[in-house]
Amino acid sequence: MNHKKEIVIGILVGLIANTIGTLLYIALFSELGIAETFAAAIEQDHLGSLLALGAILNLVAFFAFLRIKRDQRAKGVLIATLLTALVILGYKLL
């Protein structure tokens, strides 16, 4: 197996899981639409919190990959989670 390819797959799964988690959170808990919720989150300086809540779904992907012995993909999901954390940090600092 090509380890780099497995890590890239994990990163993509992590980013997709984060996106789905964020959209799922908006669908379940927001009375506004997706675009309106993002606009309100930016206006109220809660975009980082919204992205962090979406990253919770990465836990499912991470532990699922560990369970089926796909450690390199789990590493990719962890990298995607760290990238999300860096984006949130950058957003908070700027």
Side-chain angles (χ1 to χ4, degrees):
M1 279 190 261
N2 187 356
H3 290 298
K4 290 181 183 178
K5 179 181 174 185
E6 293 294 311
I7 291 174
V8 169
I9 291 170
I11 291 171
L12 291 175
V13 168
L15 293 174
I16 291 168
N18 195 340
T19 302
I20 291 171
T22 302
L23 294 175
L24 187 62
Y25 177 79
I26 290 170
L28 292 175
F29 298 108
S30 178
E31 296 174 359
L32 304 173
I34 294 170
E36 294 86 8
T37 301
F38 274 111
I42 291 169
E43 182 180 315
Q44 298 172 7
D45 200 31
H46 292 303
L47 185 62
S49 302
L50 190 62
L51 293 175
L53 288 169
I56 292 173
L57 199 56
N58 283 359
L59 284 170
V60 175
F62 178 77
F63 286 113
F65 283 139
L66 286 180
R67 185 174 192 86
I68 62 172
K69 308 277 192 252
R70 299 287 184 142
D71 295 345
Q72 297 303 316
R73 288 186 184 189
K75 187 186 297 185
V77 172
L78 182 61
I79 291 169
T81 305
L82 291 174
L83 287 173
T84 301
L86 289 174
V87 167
I88 293 169
L89 179 65
Y91 178 75
K92 292 287 186 180
L93 292 178
L94 298 178

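For clarity, every value in this text was computed on a predicted model and none was experimentally measured.
Here F62 contributes atom CZ and R67 contributes atom CZ; the two are 14.0 Å apart, rounded to the nearest 0.5 Å. If you take OG1 on T37 and NE2 on H46, they are separated by 12.5 Å, rounding to the nearest 0.5 Å. How far OG1 of T19 is from CG of L24: 12.0 Å, rounded to the nearest 0.5 Å. Here the CZ atom belonging to R73 is positioned 8.0 Å from the NZ atom belonging to K5, to the nearest 0.5 angstrom. Here I34 contributes atom CD1 and E36 contributes atom CD; the two are 9.0 Å apart, rounded to the nearest 0.5 Å.
Scanning all heavy atoms of the two residues, the minimum distance from N58 to G14 falls at OD1-O, 2.9 Å. Across all non-hydrogen atoms, the minimal contact from I26 to G33 is CG2-O, 4.3 Å. What you find for L51 and N18 is that their closest heavy atoms are O-OD1, 3.4 Å. In terms of heavy-atom proximity, A17 sits nearest to L57 at O-CD2, 3.4 Å.
Under the 4.5 Å side-chain heavy-atom criterion for ILVMFWY residues, a single connected hydrophobic cluster contains both V77 and I68. Cluster annotation: L86 is not connected to L53 through the hydrophobic network of ILVMFWY side chains, with a link wherever side-chain heavy atoms come within less than 4.5 Å. Under the 4.5 Å side-chain contact rule for hydrophobic residues, L23 and I42 share a cluster. I20 and Y25 fall into different hydrophobic clusters, where Ile, Leu, Val, Met, Phe, Trp and Tyr side chains are chained together by heavy-atom contacts under 4.5 Å. L50 and F29 fall within a single hydrophobic cluster, where Ile, Leu, Val, Met, Phe, Trp and Tyr are joined by side-chain heavy atoms under 4.5 Å apart, directly or via other members.
Two residues are said to be in side-chain contact when any heavy atoms from C-beta on lie closer than 4.5 Å; F65 and V13 meet this criterion.
Other members of the hydrophobic cluster containing L12, listed by chain and number, are V8; membership follows side-chain contacts under 4.5 Å among ILVMFWY residues, whether direct or relayed. Applying the under-4.5 Å side-chain rule to Ile, Leu, Val, Met, Phe, Trp and Tyr, the cluster around L83 extends to I7, I11, L15, I79.
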Determine all donor-acceptor pairs shorter than 3.5 Å in which one atom belongs to a side chain in residues 87-94; sequence neighbours excluded.
none

